[in-house]
Amino acid sequence: MRLHHLPGSRSTRVLWTLEELGIDYDLHVMTGAERTGPEHRALHPLGRVPVLELDDGRHVFESAAICLHLADLHPDAGLAPPVGTSDRAALYQWLFFAMAELEPAVFGWMRATRGGTLQEVEAAAQHFATVAAVLRDVVSERRWMLGDTFTVADVLCSGPLGTAYRRGLADEDGPLREYVERAAARPANVRAESVRHPGAASARTTMPRGSRTR
């Protein structure tokens with residue numbers, strides 16, 4: 001299994017998931033130039049990351065799809081509830097919420113700050129606040145999105161929220177910040193975030209599953 005990764009991109013959430021699973025994998029840390037080259041476009045027609053090469057030689061892209069597939073390949077890790085359960089339905093809900101509501105709200109605000117009017121920036125910030133309030137309500141009552149167990153829903157939700165805090169879109173203290181900090185402090189995420197430049201690693205062996213934290 002091999003991950004094509006560009007630091008600071010959506011592929012970091014896949015790297016985080018791989019580290020949570022405690023499995024061996026190869027890591028190709030790319031440059032921006034590599035991403036737009038013909039070799040990578042043969043793997044992803046839009047020249048984007050992540051791309052995961054599976055053991056059977058097939059390739060998968062779209063970060064949420066990859067994270068969910070990895071969780072399903074390793075059910076004992078507990079990153080996704082069993083198919084057909086109510087918890088699994090909740091997992092789907094928050095994965096789609098992260099991709100369809102949360103991430104567009106964060107990146108929409110970022111685009112507005114780069115070239116929009118003050119009114120557009122304020123509208124984007126208000127939209128994010130509305131979306132973030134949904135997540136605040138959830139993590140005010142539980143440790144993780146599905147309860148006591150960390151899942152790929154937390155990988156997908158905490159990442160964009162962390163971006164919002166780093167960029168100054170979010171600044172509130174309380175349950176939302178605590179949730180973001182709790183997720184960011186997980187050893188698997190710390191390791192994933194430590195890969196910051198091409199050539200940092202070509203192959204990685206993760207921590208044993210017994211050392212994972214919930």
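Heavy atoms only: backbone and side chains are in, while hydrogens, waters and symmetry mates are out.
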Side chains of [X] and [Y]: does their closest heavy-atom pair fall under 4.5 Å?
| X | Y | value |
| --- | --- | --- |
| Val139 | Met145 | yes |
| Glu53 | His4 | yes |
| Trp94 | Val134 | yes |
| Glu20 | Leu79 | yes |
| Leu3 | Leu18 | yes |
| Cys67 | Val14 | yes |
| Ser158 | Trp16 | yes |
| Trp144 | Val138 | no |

Mind listing the closest non-hydrogen atom pair of [X] and [Y] along with its distance?
| X | Y | value |
| --- | --- | --- |
| Ile66 | Pro50 | CD1-CG, 3.8 Å |
| Ala105 | Val131 | CB-CG2, 4.3 Å |
| Pro81 | Leu146 | CG-CD2, 3.5 Å |
| Ala98 | Leu156 | CB-O, 3.6 Å |

State which residues pass side-chain contact (heavy atoms from CB on, under 4.5 Å) with [X]; sequence neighbours excluded, sorted by chain then number.
| X | result |
| --- | --- |
| Ser9 | Leu6, Ser11, Val49 |
| Gln126 | Ala129, Thr130 |
| Arg41 | none |

Could you note down all residue pairs passing salt bridge (charged side-chain N to carboxylate O under 4.0 Å, His left out) where residues 114-132 supplies at least one of them, sequence neighbours left out?
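Matches after skipping sequence neighbours: none remain.
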
Residue pairs involving residues 89-104 (criterion salt bridge (charged side-chain N to carboxylate O under 4.0 Å, His left out); sequence neighbours excluded):
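Checked against salt bridge (charged side-chain N to carboxylate O under 4.0 Å, His left out) - neighbours excluded - the pairs reaching residues 89-104 are Arg10-Glu103, Arg13-Glu103.
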
Could you work out, with side chain to side chain donor-acceptor pair (under 3.5 Å) as the rule, every residue matching [X], not counting sequence neighbours?
| X | result |
| --- | --- |
| Asp154 | Tyr179 |
| Arg177 | Asp173 |
| Asp72 | Arg88 |

Among residues at least two apart in sequence or on other chains, which ones pass salt bridge (charged side-chain N to carboxylate O under 4.0 Å, His left out) with Glu193?
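Result, salt bridge (charged side-chain N to carboxylate O under 4.0 Å, His left out) vs Glu193: Arg196.
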
Check salt bridge (charged side-chain N to carboxylate O under 4.0 Å, His left out) between Arg136 and all other residues, then give those that pass, not counting sequence neighbours.
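Salt bridge (charged side-chain N to carboxylate O under 4.0 Å, His left out) list for Arg136, sorted by chain: Glu172.
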
Just how far is it from atom [atom1] of [X] to atom [atom2] of [Y], taken to the nearest 0.5 Å?
| X | Y | atom1 | atom2 | value |
| --- | --- | --- | --- | --- |
| Leu68 | Leu70 | CG | CG | 9.0 Å |
| Ile23 | Leu21 | CD1 | CG | 5.0 Å |
| Thr36 | Leu46 | OG1 | CG | 12.5 Å |
| Leu73 | Leu54 | CG | CG | 7.5 Å |
| Leu176 | Tyr165 | CG | OH | 4.0 Å |

With no hydrogens and no angle check, do the side chains of His28 and Glu34 hold a donor and an acceptor under 3.5 Å apart?
yes

With His44, which residues qualify under ring-ring contact (aromatic ring centres under 6.0 Å, His included), at least two apart?
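For His44, the residues satisfying ring-ring contact (aromatic ring centres under 6.0 Å, His included) (neighbours in sequence not counted) are Phe61.
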
I'd like to check the ring-ring contact (aromatic ring centres under 6.0 Å, His included) partners of Trp109; sequence neighbours left out, ordered by chain and number.
none

So if you build clusters from Ile, Leu, Val, Met, Phe, Trp, Tyr with side-chain heavy-atom gaps below 4.5 Å, do [X] and [Y] land together?
| X | Y | result |
| --- | --- | --- |
| Val155 | Leu95 | yes |
| Met99 | Leu102 | yes |
| Leu15 | Val190 | no |
| Val152 | Val51 | no |

Under the 3.5 angstrom rule, does the side chain of [X] hit a backbone N or O of [Y] as a donor-acceptor pair?
| X | Y | result |
| --- | --- | --- |
| His40 | Arg48 | yes |
| Asp55 | Met1 | yes |
| Arg182 | Arg143 | yes |

Do other residues, nucleotides or ligands put more than 12 heavy atoms under 6.0 Å from Arg142 CZ?
yes

Check this for me: Phe96, atom CZ, are more than 12 non-hydrogen atoms of other residues, nucleotides or ligands nearer than 6.0 Å?
no

Report yes or no: is the cationic atom of Arg2 (NZ for Lys, CZ for Arg) closer than 6.0 Å to the six-membered ring centre of Tyr25, at no more than 45° off its axis?
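No, Arg2 and Tyr25 do not form such a contact.
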
Show, in sequence, the C-alpha distance, side-chain angles and deciding distance for His59 and Leu52, and conclude whether the side-chain contact (heavy atoms from CB on, under 4.5 Å) test is met.
CA-CA 6 Å; His59 301 87; Leu52 184 69; over 6 Å; no

Could you walk me through whether Arg166 and Thr163 pass side-chain hydrogen bond (donor to acceptor under 3.5 Å, both in side chains), step by step?
CA-CA 5 Å; Arg166 288 191 299 272; Thr163 299; 3.1 Å; yes

